[in-house]
A.B. asks: 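The structure's right below; bear with me while I get my questions together.
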Amino acid sequence: MQTIRTLSILAALGLGSALAQVQVSATTGFIADMVRNVGGNRVNITQVVPNGSDPHSYDPRPTVVQGMSRAKVVFANGLNLEPFFEKLEANLPKSARVVELAAGMPNLIKGGEHHDEHKDEHSKEAGHAEDQHGHGEYDPHLWLSPAYGVRYVERIRDALIAADPSGRAVYTQNAGRYIAQIRQADADVKACLANIPVSRRKIVSQHEALLYFARQYNITIVGSIADFSAQQTGTQRFTRLAQEMRRQGVRTVFAEPQFSQAEARALAEATGARVGRIYSDAFDDTVNTYLKLLAFNGRAACESFR
């Protein structure tokens with residue numbers, strides 16, 4: 001009787017959800033953070049790729065795979081960001097729902113050298129999700145544009161409501177608040193860039209991860225040291241990139257914390273540029289939330305153009 005009374009009090013206080021959390025998994029830190037912001041204390045999250053690790057090359061530990069055995073919903077990015085995901089899927093409960101947040105999104109960008117994100121021919125409507133995932137043709141880093149970040153949050157909200165209908169009001173309210181924060185972060189970056197001519201907005205990155213970020217903010221990608229799966233592309237491309245940086249006056253090479261910075265430093269030394277920091281696939285102790293990522297990247301890019 002006392003237990004029933006306690007549960008009733010907790011429910012009245014809105015705390016009962018902590019007693020029956022929805023078990024979910026998220027492949028990366030930024031997805032886990034999004035789910036946490038939408039789900040609040042109604043969800044218990046297993047994060048697959050630890051902060052500081054590169055999802056392109058990560059091999060999940062057996063303990064993580066085991067921790068996903070009770071997952072009701074599994075959130076992934078898709079578009080071949082997580083090559084390990086097939087291995088995970090084979091160990092998921094048959095009842096688990098897999099939500100690939102990037103699948104079927106509009107206006108995906110194909111990877112390739114020297115993209116000019118101001119041109120429509122470098123983007124296209126998403127086709128069949130399986131084809132995109134299998135071929136790995138498209139840049140999977142959609143979340144680096146806040147416009148896609150909002151779409152991710154909406155999909156997370158809808159998936160959590162489907163898994164836990166009694167939490168609809170909580171998920172809807174949390175998602176609305178979080179989307180407003182994402183849009184404010186986007187507005188802050190645009191305000192910073194407002195007085196910087198488009199002709200000066202040029203970026204060189206460690207790997208080809210900033211295409212959606214660049215399109216969102218009218219930035220030209222001059223080149224990258226590695227492709228969007230983080231594979232090095234050889235000395236000839238490195239030499240051409242150094243020449244192009246000097247020709248276009250690019251003053252910053254953006255490195256990412258999950259990779260060795262040796263190549264970025266070498267490119268900076270060869271061109272007289274400096275090495276800056278930007279975030280794509282992985283968090284660290286400084287940037288450990290999606291909102292911090294948006295703010296940091298926007299500020300870093302803006303300051304590099306001044």
A.B. asks: Within the structure provided, determine whether Thr271 and Met245 are in side-chain contact (heavy-atom separation under 4.5 Å).
C.D. replies: yes
A.B. asks: Would you please test Leu294 and Val189 for side chain to side chain contact (heavy atoms under 4.5 Å, CB included) and show each step?
C.D. replies: CA-CA 8 Å; Leu294 294 178; Val189 176; 5.8 Å; no
A.B. asks: Roughly how far apart are Arg36 CZ and Ile156 CD1, rounded to 0.5 Å?
C.D. replies: 11.0 Å
A.B. asks: Between Ser145 and Gln216, what is the shortest heavy-atom contact and its length?
C.D. replies: OG-OE1, 3.1 Å
A.B. asks: Minimum heavy-atom separation for Cys302 to Ile196, with atom names?
C.D. replies: O-CD1, 3.5 Å
A.B. asks: Taking the side chain as everything from C-beta on, heavy atoms only, tell me whether Phe305 gets closer than 4.5 Å to Val250.
C.D. replies: no
A.B. asks: Is the distance from the ring center of Tyr279 to that of Phe296 below 6.0 Å?
C.D. replies: yes
A.B. asks: Taking the side chain as every heavy atom from C-beta outward, state whether Ile221 and Glu208 have any pair of such atoms under 4.5 Å apart.
C.D. replies: no
A.B. asks: Which atoms form the tightest heavy-atom contact between Pro257 and Ala282, and what is the distance?
C.D. replies: CG-O, 4.4 Å
A.B. asks: Is Arg277 salt-bridged to Asp284, going by a charged N under 4.0 Å from an acidic O?
C.D. replies: yes
A.B. asks: Nearest 0.5 angstrom please: Asp33 CG to Leu291 CG, how far?
C.D. replies: 7.0 Å
A.B. asks: Indicate if Leu241 and Val275 have the same hydrophobic cluster label, given that clusters are the connected sets of ILVMFWY residues with side-chain heavy-atom separations under 4.5 angstrom.
C.D. replies: no
A.B. asks: In the structure I gave you, are the side-chain heavy atoms of Tyr212 and Leu108 within less than 4.5 Å of one another anywhere?
C.D. replies: yes
A.B. asks: Using a strict 4.0 Å threshold on nitrogen-to-oxygen distance, state whether Asp59 and Lys87 make a salt bridge.
C.D. replies: yes
A.B. asks: Using a 4.5 Å cut-off on heavy atoms from C-beta on, say whether the side chain of Phe85 contacts that of Val74.
C.D. replies: yes
A.B. asks: Is any side-chain heavy atom of Pro106 less than 4.5 Å from a side-chain heavy atom of Arg151?
C.D. replies: yes
A.B. asks: Side chains of Asn288 and Thr286 only: does a donor on one sit below 3.5 Å from an acceptor on the other?
C.D. replies: no
A.B. asks: Could you state the interatomic distance from CH2 (Trp143) to NE2 (His141), rounded to the nearest 0.5 Å?
C.D. replies: 4.5 Å
A.B. asks: Keeping the roles fixed (side chain from Ser224, backbone from Ala226), state whether a donor-acceptor pair exists under 3.5 Å.
C.D. replies: yes
A.B. asks: Are Asp281 and His207 close enough that some pair of their side-chain heavy atoms sits under 4.5 Å apart?
C.D. replies: yes
A.B. asks: Just by distance, no angles: are the side chains of Tyr152 and Asn77 close enough, under 3.5 Å, to form a donor-acceptor pair?
C.D. replies: yes
A.B. asks: Below 30° counts as parallel, above 60° as perpendicular, anything between as tilted: where do the rings of Phe30 and Tyr290 land?
C.D. replies: tilted
A.B. asks: At what distance, to the nearest 0.5 angstrom, does NZ of Lys72 lie from CG of Leu160?
C.D. replies: 10.5 Å
A.B. asks: With the threshold set at 4.0 Å, does a side-chain nitrogen-carboxylate oxygen contact exist between Arg247 and Glu244?
C.D. replies: yes
A.B. asks: Kindly give the heavy-atom pair with the smallest separation between Leu79 and Pro140, and that separation in Å.
C.D. replies: O-CB, 3.5 Å
A.B. asks: Work out which heavy atom in Asn174 is nearest to a heavy atom in Gly39; give both atom names and the distance.
C.D. replies: ND2-C, 4.2 Å
A.B. asks: Distance-only, no hydrogens or angles: does the Gln21 side chain make a donor-acceptor pair with backbone N or O of Val43 under 3.5 Å?
C.D. replies: yes
A.B. asks: Is it the case that the side chain of Arg168 and the backbone of Asp158 share a donor-acceptor pair, with hydrogens and angles ignored and the cut-off at 3.5 Å?
C.D. replies: no
A.B. asks: Name the orientation class of the two ring planes belonging to Tyr217 and Phe213 (parallel below 30°, tilted from 30 to 60°, perpendicular beyond 60°).
C.D. replies: perpendicular
A.B. asks: May I ask you to decide whether Asp139 forms a salt bridge with Lys110, counting only side-chain N to carboxylate O separations under 4.0 Å?
C.D. replies: no
A.B. asks: Phe75: what forms a ring-ring contact (aromatic ring centres under 6.0 Å, His included) with it, not counting sequence neighbours?
C.D. replies: none
A.B. asks: When you compare the side chain of Asn107 with that of Tyr148, does any pair of heavy atoms fall below 4.5 Å?
C.D. replies: yes
A.B. asks: Looking at Gln66, I'd like to know if its CD atom is crowded, meaning that more than 12 non-hydrogen atoms belonging to other residues, nucleotides or ligands lie closer than 6.0 Å.
C.D. replies: no
A.B. asks: Output, in order, the C-alpha distance, side-chain angles, deciding distance and verdict of side chain to side chain contact (heavy atoms under 4.5 Å, CB included) for Arg274 and Val253.
C.D. replies: CA-CA 6 Å; Arg274 71 180 186 89; Val253 179; over 6 Å; no
A.B. asks: I need the minimum non-hydrogen distance between Arg246 and Ala270, along with the two atoms involved.
C.D. replies: NH1-O, 2.8 Å
A.B. asks: Counting only N and O atoms by type, is there a donor-acceptor contact under 3.5 Å from the side chain of Gln47 to the main-chain atoms of Val49?
C.D. replies: yes
A.B. asks: I'd like to check the ring-ring contact (aromatic ring centres under 6.0 Å, His included) partners of Tyr178; sequence neighbours left out, ordered by chain and number.
C.D. replies: none
A.B. asks: Walk me through whether Asn297 and Val287 qualify under side chain to side chain contact (heavy atoms under 4.5 Å, CB included).
C.D. replies: CA-CA 10 Å; Asn297 285 359; Val287 172; over 6 Å; no
A.B. asks: Working to the nearest 0.5 Å, report the span between CD1 of Ile203 and OG1 of Thr252.
C.D. replies: 9.0 Å
A.B. asks: With distance as the sole test, does Arg155 use its side chain to make a donor-acceptor pair with the main-chain N or O of Leu101 at under 3.5 Å?
C.D. replies: yes
A.B. asks: Taking atom types as modelled and ignoring hydrogens, do the side chains of Asn44 and Gln23 form a donor-acceptor contact shorter than 3.5 angstrom?
C.D. replies: yes
A.B. asks: Can you tell me if Gln206 uses its side chain to pair, donor with acceptor, with the backbone of Ser260 under 3.5 Å?
C.D. replies: yes
A.B. asks: Return the OG1 to CZ distance between Thr46 and Arg70, rounded to the nearest 0.5 Å.
C.D. replies: 7.5 Å
A.B. asks: For Met105 and Leu142, what are the C-alpha separation, side-chain angles and deciding distance, and is it a side chain to side chain contact (heavy atoms under 4.5 Å, CB included)?
C.D. replies: CA-CA 9 Å; Met105 287 289 185; Leu142 280 69; 3.7 Å; yes
